[in-house]
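What you see is a predicted model; the values in this text were computed from it and never measured. Reminder, nothing fancy here: chain letters follow the sequence lines and each chain counts from 1.
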Amino acid sequence: MVEPAHPSRLLLLDGHSLAYRAFFALPVENFSTTTGQTTNAVYGFTSMLINVLRDEEPTHVAVAFDVSRATFRSEKFPDYKANRTSSPDEFKGQVGLIKDVLEALHIPVFEKDGYEADDVIATLAEQAQAEGLDVLICTGDRDAFQLVNDQVTVLYPKRGVSDLTRMTPEAVYERYGLSPEQYPDYAALRGDPSDNLPNIAGVGEKTAAKWVVQFGTLDDLVARVDEVKGKAGDALRAHLGQVLTNRQLTELVRDIPLDTRVDDLARQSWDREQVHQVFDALQFRVLRDRLYQTLESAEPEADEGFEIDPVRLDAGEVAGWLAEHAAAGHRVGVSIRGSWSRGTGEVTEVAVASDDGEGGWFEPASLTPDDDAAVAAWLADAERPKVFHDAKGQLHALLARGWTVRGVAADTALVAFLALPGQRSYDLADLVLRFLGRELRAQAADAAVQLSLDGGDEEQLGRDETIRARAVLDLAHSLDGELANKGGRRLFDEVELPLVGVLASMEQIGIAVDTDHLRSLESSFADAVAQAADDAYDAIGRRDVNLGSPKQLQTVLFDELAMPKTKRIKTGYTTDAESLADLYAKTQHPFLEALLRHRDVSKLRVTVEGLLNSVADDGRIHTTFGQTVAATGRLSSTDPNLQNIPIRTDEGRRIREAFVVGDGYESLLTADYSQIEMRIMAHLSEDEALIDAFASGMDFHAVTASRVFGVGADEVTPAMRAKIKAMNYGLAYGLSSYGLSRQLGIEVAEAQKLMDEYFETFGGVRDYLSAVVERARMEGWTETIMGRRRYLPDLTSDNRQRREMAERMALNAPIQGSAADIIKVAMLGVDRALREERRASRLLLQVHDELVLEVAPGERDDLEALVRREMGAAYPLRVPLDVSAGIGRTWQDAAH
DNA sequence: AGTGTGACGTA
DNA sequence: CGTACGTCACACTT
């Protein structure tokens with residue numbers, strides 16, 4: 001690190017004033033977390049902080065906050081700031097969050113009883129000047145202008161949060177025609193409505209400034225007050241006492257006793273872990289990136305680098321390298337450069353880093369046959385451990401090159417997911433930064449500088465990739481301990497890691513589609529969309545409305561047609577299907593009917609178009625499963641999402657007809673768990689009545705209804721069953737009586753009564769649900785049957801909305817997550833059994849509680865038995881795991 | 001061009 | 001004012 005050429009610089013920020021500015025500059029509705037916490041002031045403040053740190057590169061930093069309204073000023077002058085209505089609750093809650101941010105950044109915070117932030121700033125500024133530092137003061141309070149001199153500059157927000165004016169002595173003179181020393185005299189004369197300092201009627205900025213310029217100082221003005229002519233002069237004389245009080249209040253105190261030395265304000269390295277936590281909680285993604293970009297370069301300890309000297313492995317050298325450094329005893333980090341998606345890929349470069357410290361890279365395109373064979377043998381050898389970061393895509397690329405991989409000993413993205421579920425991303429660079437305290441990117445940049453002399457892009461990319469491989473190896477080591485602490489070892493070794501291969505295979509195989517059928521659906525849905533649009537336009541007598549625009553619909557419905565208002569949302573009133581149906585019931589307006597139809601068929605058309613665009617050359621659709629996405633442990637499916645193919649309506653189900661058995665296979669088989677979540681609830685709660693209900697093997701909702709209502713099984717009416725069904729489904733989500741009443745269209749009191757009756761029958765369920773939340777509050781996390789944790793810090797939040805949200809998550813996570821554990825085990829069981837029994841049938845899809853398989857000729861009955869057996873035996877619950885299965889030519893035909 | 005929002009599909 | 005996701009179009013910001 002080169003010593004900065006400029007002198008030391010202290011940056012002082014007025015926390016309250018800047019946060020308050022930000023609060024009013026940034027629209028509240030645009031800045032809130034998904035849990036409802038408003039963050040506009042935190043965002044604005046942090047954004048300003050980052051910008052100033054970046055632009056000014058201060059060597060010392062501190063932030064001052066006001067403590068309370070009571071200061072020496074309010075004692076002297078009870079009206080001081082008395083006009084201020086108490087700041088909005090939405091603001092108050094954010095001050096603590098700002099302090100959290102500052103704590104994570106290791107920036108000292110000052111609060112002094114009886115004084116304002118400005119006084120603390122004046123005092124620190126005075127001390128710093130005495131020690132020869134330059135001072136920058138960032139505040140929205142103009143009183144600070146009195147501190148400006150050649151050494152002290154005030155950065156004053158002009159408007160918003162991104163535009164700061166530099167107030168130097170020259171700038172103060174330009175703006176007010178006064179010197180900084182004269183500013184408080186001027187301010188006292190002018191008064192300040194925001195501080196409730198009274199002004200003099202008829203004396204505004206112009207007159208106040210004129211007087212100060214004319215008389216030099218307020219003291220001189222007072223001494224010669226009789227010389228002031230005119231009405232303004234009379235007014236001044238009448239209010240002289242007031243002006244003098246103002247002057248006392250405006251003067252900043254520069255000598256508060258503070259037991260701090262300027263040295264204590266020197267910038268420190270920041271707490272990466274805590275920054276992550278705080279920014280995660282605030283859901284500041286872009287800001288965090290900006291922060292890293294800004295601060296990383298200034299971080300002296302950030303970049304220790306990796307102990308590796310990457311070497312290019314030329315043709316003929318690879319086999320030897322692998323024999324020496326990737327033998328059975330060696331763990332090797334692997335990082336592939338290339339591309340992959342939709343179940344296939346391409347390798348352009350392979351980087352390897354052995355645990356003996358050696359590492360290098362090679363290009364598969366330029367291998368000798370011997371090298372190629374050695375690579376293939378190494379990758380395929382289960383006894384030679386390899387470590388990847390997010391292996392699945394790289395496995396696709398390697399497989400496409402003809403290399404099968406066995407012996408994946410760890411996947412750092414997966415380990416990180418188990419240790420820290422609920423993160424947005426498990427980017428390698430972020431994890432390396434967080435767990436190893438090293439900077440992957442800076443390292444790469446350094447390498448680039450060195451190598452621009454002798455290398456070239458090729459060389460640089462190879463070195464970068466090798467460093468990644470080394471980082472993966474180190475990270476795996478570091479995360480091992482993390483995982484052990486959190487009890488996720490078995491879940492990782494026995495479920496998540498082996499599942500990678502199964503998912504890779506499912507993605508690679510894909511599912512066959514009937515594109516003709518899809519095209520025919522597309523055209524019929526398109527016709528239906530056009531028809532619905534015509535009907536809608538006829539109903540309102542104009543066509544210049546975009547039916548897909550909620551904003552334009554709001555105008556039509558609520559302004560032009562003056563329909564009753566629906567539920568309020570951020571942007572006005574909702575136009576969601578439920579509300580539109582509601583409006584239709586009230587108004588019978590034909591536009592609504594057509595609009596709802598338009599929504600339905602548009603959605604279907606778009607779904608079909610998406611699917612058509614995803615069909616690969618082999619006539620199949622290859623989705624990508626996400627294994628580190630859902631915090632509960634479920635898989636996700638993208639590009640395209642095959643876990644949300646319509647099923648509820650007849651028209652929607654026609655799309656399922658397009659998923660068909662592929663050439664060379666006999667049919668599709670679907671198998672799903674019945675009521676797996678309620679079964680897990682029965683297991684976890686150990687509620688005898690619920691366990692009995694499942695043991696009876698009868699219609700679950702009917703049985704529970706008969707128990708709740710105390711009638712015989714044959715006396716359960718459809719209405720009773722429907723109510724209890726809604727209750728059964730809602731339980732695992734933390735359903736409230738309000739929610740239940742809305743869903744069933746009944747009064748809240750009636751819904752509450754229903755819940756009470758339910759819990760009277762199934763008391764164990766109620767006890768379990770309260771216990772699970774209570775335990776999570778104590779421990780900080782929930783746990784599934786296989787020990788998958790979910791951390792829920794918001795359970796102890798003071799914010800009711802956040803806390804209750806976290807409580808519902810705590811109810812749901814063990815149930816949804818245990819179901820996810822179980823079906824993952826089932827998938828592994830099915831996969832293993834298929835291989836052991838040498839079946840040609842294969843797994844294609846997983847849809848949370850359902851598996852879809854392609855049945856090889858002649859395997860139909862055996863396969864069904866195999867799948868039922870493996871799914872049913874995946875995990876021994878206190879109730880049976882009931883599996884229902886169906887077989888057919890299409891996904892729809894295989895429904896059961 | 002990138003981001004946020006509303007709406008809606010699934011379990 | 002039930003959970004977990006992904007995708008799309010629109011509207012807005014940069």
Side-chain angles (χ1 to χ4, degrees), chain A residues 27 29-32 34 36 162 283 285-286 421-422 546-554 566-567 569-580 595-596 598-611 613-614 623-626 629-649 651-653 655-656 672-677 726-743 748 751 755 769 782 790 792 800-801 804-817 819-820 823 845-850:
Chain A
E29 53 272 18
N30 294 359
F31 293 87
S32 59
T34 51
S162 50
Q283 298 171 5
R285 205 186 60 230
V286 176
N546 183 341
L547 298 176
S549 162
K551 196 175 167 231
Q552 295 183 34
L553 288 177
Q554 282 177 24
T566 55
K567 191 174 64 176
I569 53 173
K570 279 186 189 175
T571 54
Y573 299 94
T574 180
T575 65
D576 67 13
E578 191 191 340
S579 304
L580 293 183
L595 181 57
L596 281 164
H598 185 265
R599 280 261 176 86
D600 279 350
V601 284
S602 301
K603 179 82 180 175
L604 291 170
R605 185 190 60 183
V606 163
T607 303
V608 171
E609 284 169 354
L611 291 173
N613 286 331
S614 314
T623 186
T624 301
F625 289 104
V629 178
T632 52
R634 274 191 178 176
L635 298 179
S636 74
S637 161
T638 58
D639 191 28
N641 183 355
L642 295 186
Q643 290 180 323
N644 72 342
I645 302 303
I647 194 171
R648 293 191 214 275
T649 65
E651 278 175 316
R653 278 192 292 271
I655 299 177
R656 292 199 168 217
D672 61 52
Y673 286 117
S674 329
Q675 290 112 19
I676 187 168
E677 298 202 341
M727 182 81 208
N728 281 332
Y729 274 118
L731 268 180
Y733 303 144
L735 187 64
S736 65
S737 54
Y738 176 85
L740 186 61
S741 76
R742 281 207 36 173
Q743 193 178 332
V748 175
M755 290 180 75
L769 291 174
T782 62
R790 179 167 189 188
L792 294 164
R800 200 179 71 143
Q801 199 181 342
E804 290 180 345
M805 176 70 133
E807 286 170 358
R808 291 191 294 273
M809 292 174 176
L811 289 183
N812 177 251
I815 295 171
Q816 190 184 118
I823 196 159
L845 300 177
Q846 186 253 46
V847 190
H848 307 309
D849 67 356
E850 172 187 8

query = When the nearest nucleotide of DNA chain C is assigned to A/Pro640 and to A/Thr632 on a heavy-atom basis, which residue is associated with the more 5' position?
reply = A/Thr632
inquiry  = Can you tell me which nucleotide in C/dA11, C/dT3, B/dG6 comes closest to the side chain of A/Tyr733?
reply    = C/dT3
task = Determine the Euclidean distance between corresponding P atoms of B/dG4 and C/dG2; express it in Å to zero decimal places.
result = 26 Å
query = Once you round to the nearest 0.5 Å, how far does CD of A/Gln816 lie from CE of A/Met809?
reply = 11.0 Å
note = The residue, A/Glu609 or A/Lys603, whose nearest nucleotide of DNA chain C is more 5′ is A/Lys603
request  = Report yes if at least one side-chain N or O of A/Arg648 is closer than 4.0 Å to OP1 or OP2 of B/dT10; otherwise report no.
outcome  = yes
remark   = Of C/dT3, C/dA11, B/dG6, the nucleotide closest to the side chain of A/Gln816 is C/dT3
message = Can you say whether a donor on the side chain of A/Lys551 sits under 3.5 Å from an acceptor on the base of C/dC10, or the other way round?
response = no
query = Would you say A/Thr574's side chain and A/Ile569's backbone share a donor-acceptor pair under 3.5 angstrom?
reply = no
Salt-bridge criterion met for A/Arg742 and A/Glu578 (N-O under 4.0 Å) = yes
inquiry  = Is A/Arg808 close enough to C/dG2 that one of its side-chain N or O atoms is under 4.0 Å from OP1 or OP2 there?
reply    = no
task = Please confirm whether any donor atom in the side chain of A/Arg599 sits under 3.5 Å from an acceptor in the base of B/dA7, or the reverse.
result = no
inquiry  = Taking 4.0 Å as the cut-off, does a side-chain nitrogen or oxygen of A/Gln643 come that near to OP1 or OP2 on C/dA4?
reply    = no
ask   = What nucleotide among C/dC8, B/dT10, C/dT3 has an atom nearest to a side-chain atom of A/Pro646?
value = B/dT10
Among B/dA11, B/dC8, B/dG6, the nucleotide that comes nearest once only the side chain of A/Ala577 is considered = B/dC8
request  = For A/Asp600 and B/dA7, give me the distance from atom CG to atom P, rounded to whole Å.
outcome  = 15 Å
ask   = So, is A/Thr574 close to the B/dG6 phosphate, meaning a side-chain N or O under 4.0 Å from OP1 or OP2?
value = no
inquiry  = If you only use heavy atoms from C-beta on, which nucleotide in B/dA11, C/dC1, B/dA7 is closest to the side chain of A/Pro550?
reply    = B/dA7
note = From NZ of A/Lys567 across to P of B/dG6 the rounded distance in Å is 10 Å
task = Identify whether any heavy atom of A/Ala813 sits under 4.0 Å from a base atom; if not, whether one sits that close to sugar-phosphate; answer base, sugar-phosphate or nothing.
result = nothing
ask   = Could you give the CZ-to-C1' distance, from A/Phe625 to C/dG6, as a whole number of Å?
value = 13 Å
query = Roughly, in whole Å, what's the span from CG in A/Asn613 to P in C/dG6?
reply = 20 Å
query = Rounded to the Å, how far apart are A/Lys570 NZ and B/dA7 P?
reply = 12 Å
ask   = What nucleotide among C/dG2, B/dA11, C/dG6 has an atom nearest to a side-chain atom of A/Tyr738?
value = C/dG2
task = Report the nucleotide, chosen from B/dA11, B/dC8, B/dT5, that has the shortest atom-to-atom distance to any side-chain atom of A/Thr571.
result = B/dT5
task = Indicate the atoms forming the closest heavy-atom contact of A/Tyr733 with A/Asn812, along with that distance.
result = CD2-ND2, 3.4 Å
ask   = Taking all non-hydrogen atoms of both residues, which atom of A/Pro646 and which atom of A/Ile655 are closest, and how far apart?
value = CG-CD1, 4.0 Å
ask   = Between the main-chain N or O of A/Ala751 and the side-chain N or O of A/Ser741, is there a donor-acceptor pair closer than 3.5 Å?
value = no
message = Side-chain N or O of A/Arg790 versus OP1/OP2 of C/dT3: is the shortest distance under 4.0 Å?
response = no
request  = Please lay out, stage by stage, how A/Arg790 and A/Thr632 fare under the test side-chain contact (heavy atoms from CB on, under 4.5 Å).
outcome  = CA-CA 7 Å; A/Arg790 179 167 189 188; A/Thr632 52; 3.9 Å; yes
message = Output the rounded distance in Å from CD (A/Glu677) to C1' (B/dA11).
response = 7 Å
ask   = Which is true for A/Asp639 with a 4.0 Å heavy-atom rule: it touches a base, it touches only sugar-phosphate, or it touches nothing?
value = sugar-phosphate
task = State which of C/dT3, B/dC8, B/dA11 makes the closest approach to the side chain of A/Asp576.
result = B/dC8
Side-chain N or O of A/Asn641 closer than 4.0 Å to phosphate OP1/OP2 of B/dT10 = no
note = From the candidates B/dG6, C/dG6, C/dC1, the one with an atom nearest any side-chain atom of A/Ser736 is C/dC1
key: Nearest-angstrom distance from the residue atom CG of A/Leu553 to P of C/dA9   = 16 Å
Distance, rounded to the nearest Å, where A/Gln552 contributes CD and C/dA9 contributes P = 16 Å
message = Classify A/Arg605 by what it touches in the nucleic acid, base, sugar-phosphate, or nothing, heavy-atom distance under 4.0 Å.
response = nothing
